[in-house]
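Input: a single structure, listed below in structure tokens.
All chains are named by letter (A, B, ...) in the order of the sequence lines, taking the proteins before the strands, and each is independently numbered beginning at 1.
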2 protein chains.
Amino acid sequence: MIENLEYDAILEQFKRILRENGLKYTKQREVLIKTLYNSDEHFTPEKLYLYIKEQYPELNVGIATVYRTLNLLEESEMVTSISFGTQGKKFELATKPHHDHMICKKCGLIVEFEDQIVEKRQLGIAKEHGFKLTGHMMQLYGICESCSKNNIKGR
Amino acid sequence: MIENLEYDAILEQFKRILRENGLKYTKQREVLIKTLYNSDEHFTPEKLYLYIKEQYPELNVGIATVYRTLNLLEESEMVTSISFGTQGKKFELATKPHHDHMICKKCGLIVEFEDQIVEKRQLGIAKEHGFKLTGHMMQLYGICESCSKNNIKGR
DNA sequence: GTTACTGCAAAGTGTTTGCAAATCC
DNA sequence: GGATTTGCAAACACTTTGCAGTAAC
């Protein structure tokens, strides 16, 4: 299944895919995959573009390259994308362990969690429907402990 | 003619929301919610527009109206939307019984499911983090059986 | 009669593509 | 040196908005 590969291993895999397809290993591609690896964020293409532009100004990266690289990586199954509501598409490395979010509707607190029972069950559900599972998104909504206690009026 | 109480109830709710907000009940809005009710499909705005145009040519409906009505309905929580890949947003009536979605990343197929093990576990997870659960959303992403078989590279 | 709604077209978004110059192998 | 990749800008696809006429209340 999904292993948590070290960065070097991820990079090697990336280089291998490029080599096998007669593609080239460029600074832009290196920086993009490194950024995805080093961050826990789910990046939109726009955000990723702005971040790389700021961190590596000498590269003078273009947003078209970010889109092209993300699409390339997604086709190679090295990144996955998911959509959060209206916020558009977000990308993350396929090799990272997945986590879900629990969101407090009063104060906006976000708690990350990972649950083996749910993860396992998802595989079962997918199998029952003939799907090959590549990812998932689960968000729980509720009221956090703090907000429950101090029944403060929220937004 | 067979009476359909459920539809009448949905329509009443819709009319009530309109009334409460000083909005009007138009033929276009009527036809749109009726179409969503009568179909099991998840409609993209485009598809919904084409369908209504074909079924009710005398209305000469515009796509802007479809978008505006869907947004209105979503704000009123009468429809929900899910988005995936590059294929845009899909809408369905919110009054359908609770279910989650499994989405094929290649062809956009949406399969609905409901799973008691996951539902129960969610309550447990919330409790472990001191949350009082009020709702959730879960989407599984993968490759459907049909797309796995025809593993042809292409758009 | 007043107000909201509609279709149309134009304007916004976000994403992709064509091209000449730059970079990698 | 030859091929791919890049940034740029233009093109594209999807969604929203401004407007003047129309329909609902």
Side-chain angles (χ1 to χ4, degrees), chain A residues 11-12 14-33 42-54 56-76 79 81-91, chain B residues 11 14-33 35 42-54 56-76 79 81-91 105 108 154-155:
Chain A
L11 209 56
E12 274 316 308
F14 185 33
K15 286 182 182 174
R16 184 178 52 75
I17 288 167
L18 293 175
R19 223 178 300 122
E20 285 172 0
N21 291 281
L23 305 176
K24 289 168 182 175
Y25 182 67
T26 65
K27 287 204 172 58
Q28 287 84 349
R29 287 172 178 173
E30 179 191 334
V31 154
L32 196 146
I33 203 161
H42 290 219
F43 278 103
T44 59
E46 175 81 8
K47 249 177 142 180
L48 194 49
Y49 163 68
L50 292 173
Y51 182 85
I52 292 175
K53 214 175 162 102
E54 189 197 317
Y56 309 90
E58 75 284 1
L59 270 187
N60 192 29
V61 76
I63 196 161
T65 297
V66 172
Y67 276 104
R68 281 187 284 228
T69 306
L70 284 172
N71 289 341
L72 168 67
L73 285 167
E74 195 172 20
E75 275 174 38
S76 317
V79 305
S81 71
I82 55 177
S83 303
F84 287 91
T86 60
Q87 297 171 62
K89 224 174 170 184
K90 291 190 176 179
F91 292 82
Chain B
L11 208 56
F14 185 32
K15 286 182 181 172
R16 184 178 51 75
I17 287 166
L18 293 175
R19 223 180 298 121
E20 285 172 0
N21 292 281
L23 305 176
K24 289 167 182 175
Y25 182 66
T26 66
K27 286 203 172 58
Q28 287 84 348
R29 286 172 178 173
E30 179 192 335
V31 153
L32 196 147
I33 203 161
T35 301
H42 293 77
F43 278 103
T44 60
E46 174 82 7
K47 250 177 140 178
L48 194 49
Y49 163 68
L50 292 173
Y51 182 86
I52 293 175
K53 211 175 166 111
E54 190 197 316
Y56 309 89
E58 75 283 3
L59 270 186
N60 192 29
V61 76
I63 196 160
T65 297
V66 172
Y67 276 104
R68 281 186 284 228
T69 305
L70 284 172
N71 288 341
L72 169 65
L73 285 167
E74 195 172 20
E75 275 173 38
S76 318
V79 305
S81 70
I82 56 178
S83 40
F84 58 93
T86 58
Q87 297 174 60
K89 244 173 161 182
K90 286 189 174 183
F91 292 82
K105 295 182 82 164
R155 290 282 107 210

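Taking atom CG of residue A/L32 and atom C1' of nucleotide D/dT6, one finds them 14 Å apart after rounding to whole Å. For the pair A/I63 CD1 and C/dG14 P, the computed distance is 9 Å after rounding to whole Å. Computed from coordinates, the B/Y49 OH to C/dG7 P distance equals 9 Å when rounded to whole Å. Counting to the nearest Å, the P atom of D/dT4 and the CZ atom of A/R29 are 11 Å from each other. Atom-to-atom, CZ of A/R19 to P of D/dT4 comes out at 17 Å; the value is rounded to the nearest Å. Spacing between atom CZ of B/F14 and atom C1' of C/dC5 amounts to 12 Å, rounded to whole angstrom units. Rounded to whole Å, atom C1' of C/dC5 lies 15 Å from atom CG of B/N71. What separates CZ of B/F91 from P of D/dC14 is a distance of 14 Å, to the nearest Å.
Legend: residues meeting salt bridge (Lys or Arg N to Asp or Glu O under 4.0 Å) with B/K27, ordered by chain and number and at least two apart, are absent. B/R68 pairs by the salt bridge (Lys or Arg N to Asp or Glu O under 4.0 Å) definition with nothing, not counting sequence neighbours. A/R19 pairs by the salt bridge (Lys or Arg N to Asp or Glu O under 4.0 Å) definition with nothing, not counting sequence neighbours. Residues satisfying the side-chain contact (heavy atoms from CB on, under 4.5 Å) criterion with B/T69, sequence neighbours excluded, are B/R29, B/L32, B/T65, B/L73. Among residues two or more places apart in sequence or in another chain, the salt bridge (Lys or Arg N to Asp or Glu O under 4.0 Å) test is passed with B/K53 by none.
The minimum heavy-atom distance between B/S81 and B/E74, with the atom names listed, is OG-OE2, 2.6 Å.
If B/K53 and B/L18 are placed on DNA chain C by their nearest nucleotide, the residue sitting closer to the 5' end is B/L18. For the pair B/E46 and A/V61, nearest-nucleotide mapping onto DNA chain D gives the more 5' position to A/V61.
Neither OP1 nor OP2 of D/dT6 sits under 4.0 Å from any side-chain N or O of A/N60.
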Heavy-atom contacts, protein to nucleotides 18-25 of chain D, under 4.0 Å, summarised as B (base), S (sugar-phosphate only) or - (none) per nt, yield B----BBS

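If you take CG on B/N71 and NZ on B/K89, they are separated by 6.5 Å, rounding to the nearest 0.5 Å.
Residue B/L72 is out of contact with every strand shown, counting any heavy-atom pair closer than 4.0 Å.
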